[in-house]
Every structure is written in C-alpha cells, then in structure tokens.
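These notes concern the structure reproduced below.
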There are 2 protein chains.
Amino acid sequence: MDLSIGDLSRRVAVKVPTIRYYEQIGLLPAPPRTEGRQRRYGAEDVSRLSFIRHARDLGFEVDAIRELLSLSARPDQPCEPADRIVLRHLESVERRIAQLTLLRSELRHMLDDCRHGPVRECRIIQVLADHDECRHEHGKVS
Amino acid sequence: MDLSIGDLSRRVAVKVPTIRYYEQIGLLPAPPRTEGRQRRYGAEDVSRLSFIRHARDLGFEVDAIRELLSLSARPDQPCEPADRIVLRHLESVERRIAQLTLLRSELRHMLDDCRHGPVRECRIIQVLADHDECRHEHGKVS
DNA sequence: GTACAATCTCTAGCGACTAGAGGTTCAAGA
DNA sequence: TCTTGAACCTCTAGTCGCTAGAGATTGTAC
C-alpha cells in the first residue's frame with residue numbers, strides 16, 4: 001500500500017485538489033513524501049478519507065466530521081456525542097425540508113396563476129413586485 | 001421621498017451593507033448623493049429593492065433576479081421567460097427536497113440503529129467508517 | 001457648538017471546494 | 001539511457017451572497 005494522490009483519489013472517489021484541501025485544513029494528516037516531494041498514502045489514509053467522504057455525502061459539515069473522527073479514535077468512550085451530532089444534523093435537514101416545501105408550494109402557485117399573457121398581466125412579476133401581496137412566512141432558504 | 005440608506009434598510013428589511021452590495025453588483029442603480037456623499041433613495045428604489053428581497057426570499061439567485069427585473073421593465077413582452085425562470089427554480093427546489101428526504105431517512109436509520117453503547121459498537125461510526133456498508137445513492141447535498 | 005449615531009470606503013472572511021498558471025517528477029516505452 | 005507526457009507540485013484567485021470590521025467623515029438633535 002503506497003498510493004499516489006491520484007490512486008487515492010480514484011479509490012475513494014474524492015478529487016485530487018479536494019484531498020490536498022483536506023490536508024490543508026487538517027482533516028487529513030500530512031502524508032510522507034517521495035524524494036521528489038510527492039505524497040504517498042497508506043491504508044489508514046484510505047479509511048480516513050472514506051469516512052470523510054461518506055460523512056460529506058451525508059451532508060455533515062467539516063467541523064462535525066472533525067468531531068466524529070476524533071470520537072471514532074476513542075472506541076471506549078460512550079457514543080452519545082456522536083448521537084448528538086447526527087441528531088443536530090437531522091434536525092437541520094428537517095428544517096430545510098420544511099422551508100423548501102413551503103417554497104415549493106409558493107412557486108407552484110405562482111406558475112398556476114400565470115396566464116401566459118404579456119408581462120404587464122403576469123402574476124409572477126406582480127407577486128414579486130408587490131411585496132405585501134402574499135404574507136406567507138418562509139425563512140431564508142438558499 | 002428622500003431616504004437615507006438606513007431608512008431604506010428599515011423600510012424594506014434589507015440590511016445596509018446588503019444594499020451597498022446590491023449596488024456594487026449592479027442589482028440596484030447608484031442613487032444620487034448628498035453634498036457629503038451619502039446616498040439618497042426614492043420610491044423607485046423602494047420598489048426595486050422590495051422586488052429583489054422578495055425574490056431572494058423565494059430563493060432566486062441574483063442572476064435570475066436580474067433577468068426578472070429586466071423582464072418586469074418590458075410590460076409588453078410575453079411573460080414566458082419569467083415562467084421558465086420560475087419553473088427552473090421550482091425544479092431545482094424539488095430536486096433538493098428529494099435529496100434531503102433521502103438524507104433524512106438515512107440519518108433516522110443511523111439514529112435508530114445506535115445502541116448508545118461505547119463508540120466501538122456505535123452503528124453511526126461504523127456506517128461512516130465502512131463506506132460500502134450501505135449503498136444508498138444520494139447526490140451531493142451541501 | 002458639540003456629541004454621537006449614521007454614513008462612507010475598503011478589505012477580508014465565511015464554507016467547501018474548484019480552476020488555472022507555471023514548474024517538477026515519475027514511469028513506461030524505445 | 002533517454003524521452004515523452006501524464007501526473008504531480010505550490011500558489012493564488014474565484015465561486016455565492018453576503019457579513020464584519022477598521023478607520024474616517026457626515027448629518028442631526030440638543
């Protein structure tokens with residue numbers, strides 16, 4: 001096991017610049033180098049990067065991943081902290097789903113109301129222009 | 001109607017630095033200034049900024065808002081382009097809802113499976129570590 | 001006239017990468 | 001052994017939509 005950054009990249013499906021980025025922010029340890037200063041990775045790095053990638057796929061933020069990684073390095077400790085991190089994330093996912101669902105229905109209404117005439121009569125533009133037109137509450141989305 | 005940037009900010013509920021930012025990126029026109037170079041806004045600016053804010057609340061990107069604004073300035077044109085912008089946005093909201101819904105169920109499973117023992121036995125950590133453990137497909141979420 | 005809140009410009013930071021320039025190293029084939 | 005060219009290196013800057021802060025100036029109420 002003596003992988004170049006490209007090998008690691010293909011194996012774990014994380015792009016090369018992203019691997020370097022993770023090293024830079026301290027998520028991955030700096031690996032040993034060849035004489036010509038190229039990075040060489042081992043089995044441990046494969047596991048760690050897989051962990052990171054999977055956690056990112058699940059939408060965890062880098063800081064949460066940092067905590068999860070340090071928890072997984074202490075197998076005797078209780079796992080409540082990991083639990084709490086996942087729960088916190090779940091709640092934020094649920095909040096975002098709620099917001100987006102509201103949003104979806106507003107956008108659908110806009111499209112339903114549109115009569116496809118000239119802009120002057122377009123409900124879409126009107127709703128946007130009259131900011132008191134509809135009083136739905138929807139938090140920041142993006 | 002001769003509003004300072006703070007007045008405009010309170011009236012439309014958009015923060016002062018954000019108003020300056022919108023001017024900088026060309027979303028709002030540069031207003032006239034007092035002798036001491038402070039910005040002074042009129043009714044037209046209130047409408048335009050309301051439009052922008054409402055569109056942002058609905059999750060439209062700045063580029064989409066630019067297009068919507070320029071459409072609303074041509075009331076004789078057909079409104080299909082506005083329609084298309086809204087539809088495109090709706091579709092992306094729907095995609096995100098779908099992703100997040102998948103995500104939610106994965107996170108729930110993780111929490112359900114957790115036996116609250118030591119980290120060694122924690123399903124949460126295990127699932128993250130074994131990246132082949134579960135083969136759900138979920139696109140990038142952010 | 002004086003205090004002080006509001007305004008000004010400018011730069012940098014957020015999160016999680018991504019892109020590109022310009023240079024070096026590695027590995028395979030001749 | 002030499003050569004080619006893909007892969008690697010570092011560094012900087014850009015993405016998006018703001019937000020924060022420094023340090024200076026202006027407006028306004030008393």
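In what follows, chains carry the letters A, B, and so on, assigned in the order in which the sequence lines appear, proteins first and then strands, with residues in each chain numbered from 1. Computed from a prediction, not measured in an experiment: that's the story for all the values here.
No more than 12 heavy atoms of other residues, nucleotides or ligands sit less than 6.0 Å from atom CD of A:Glu44. The neighbour count for A:Glu94 CD, taken as heavy atoms of other residues, nucleotides or ligands under 6.0 Å away, is above 12. Counting heavy-atom neighbours within 6.0 Å of A:Glu23 CD, excluding the residue itself, gives a total above 12.
Atom CG in A:Asp2 sits about 14 Å away from atom C1' in C:dA27, given to the nearest Å. Rounded to whole Å, the distance from CD on B:Gln24 to P on C:dC8 is 13 Å. One can place CD of B:Glu35 at 16 Å from P of C:dC8, the figure rounded to the nearest angstrom. For the pair B:Leu3 CG and C:dT7 C1', the computed distance is 15 Å after rounding to whole Å. Rounding to whole angstrom units, OH of residue B:Tyr21 and P of D:dT15 are separated by 10 Å. Distance CG (A:Leu27) to P (C:dG15): 13 Å, rounded to an integer number of Å. In this structure, the CD atom of B:Glu23 is 14 Å from the P atom of C:dT7, given to the nearest Å. Atom pair B:Arg56:CZ and D:dC18:C1' shows a separation of 9 Å (rounding to whole Å applied).
Phosphate proximity of C:dA6 to B:Arg10: absent, as no side-chain N or O sits under 4.0 Å from OP1 or OP2. The phosphate of C:dT7 (OP1 or OP2) has no side-chain N or O of B:Arg33 nearer than 4.0 angstrom. Checking the phosphate oxygens (OP1, OP2) of C:dC17, no side-chain nitrogen or oxygen of A:Lys15 falls inside 4.0 Å.
The backbone N or O of B:Ile52 sits nowhere less than 3.5 Å from a side-chain atom of B:Arg48 that would complete a donor-acceptor pair.
Between B:Asp57 and A:Leu103, the closest heavy-atom pair is O-CD1, 4.2 Å. Scanning both residues, A:Arg66 and A:Leu27, for their nearest heavy atoms gives CG-CD2, 4.0 Å.
Checking C:dC17, D:dG17, C:dC8 against every side-chain atom of B:Gln38, the shortest atom distance belongs to C:dC8. Each of D:dC18, D:dT10, C:dA16 was ranked by its minimum atom distance to the side chain of B:Thr18; first place goes to D:dC18. Residue B:Arg39 has its side chain nearest to C:dC8 when only D:dG17, C:dC8, C:dA16 are considered. Set against C:dT7, D:dG27, C:dC26, the side chain of A:Thr34 has C:dC26 as its closest nucleotide. Nearest to the side chain of A:Ser4, among D:dC8, D:dT10, D:dC18, sits D:dC8. Of the listed nucleotides (D:dC8, D:dG17, C:dT18), C:dT18 has the atom at the smallest distance from the side chain of A:Pro17. Considering only side-chain atoms of A:Ile5, the nucleotide from C:dT9, D:dC9, C:dT7 that sits closest is D:dC9.
Residue order along DNA chain D, read from the 5' end via each residue's closest nucleotide, puts B:Asp63 first among B:Arg40 and B:Asp63. Along DNA chain D, the nucleotide nearest B:Val62 and the nucleotide nearest A:Arg20 are compared for position; the residue whose nucleotide lies closer to the 5' end is A:Arg20.
Nucleic acid contact class of A:Tyr22 (heavy atoms, under 4.0 Å, all strands): sugar-phosphate only.
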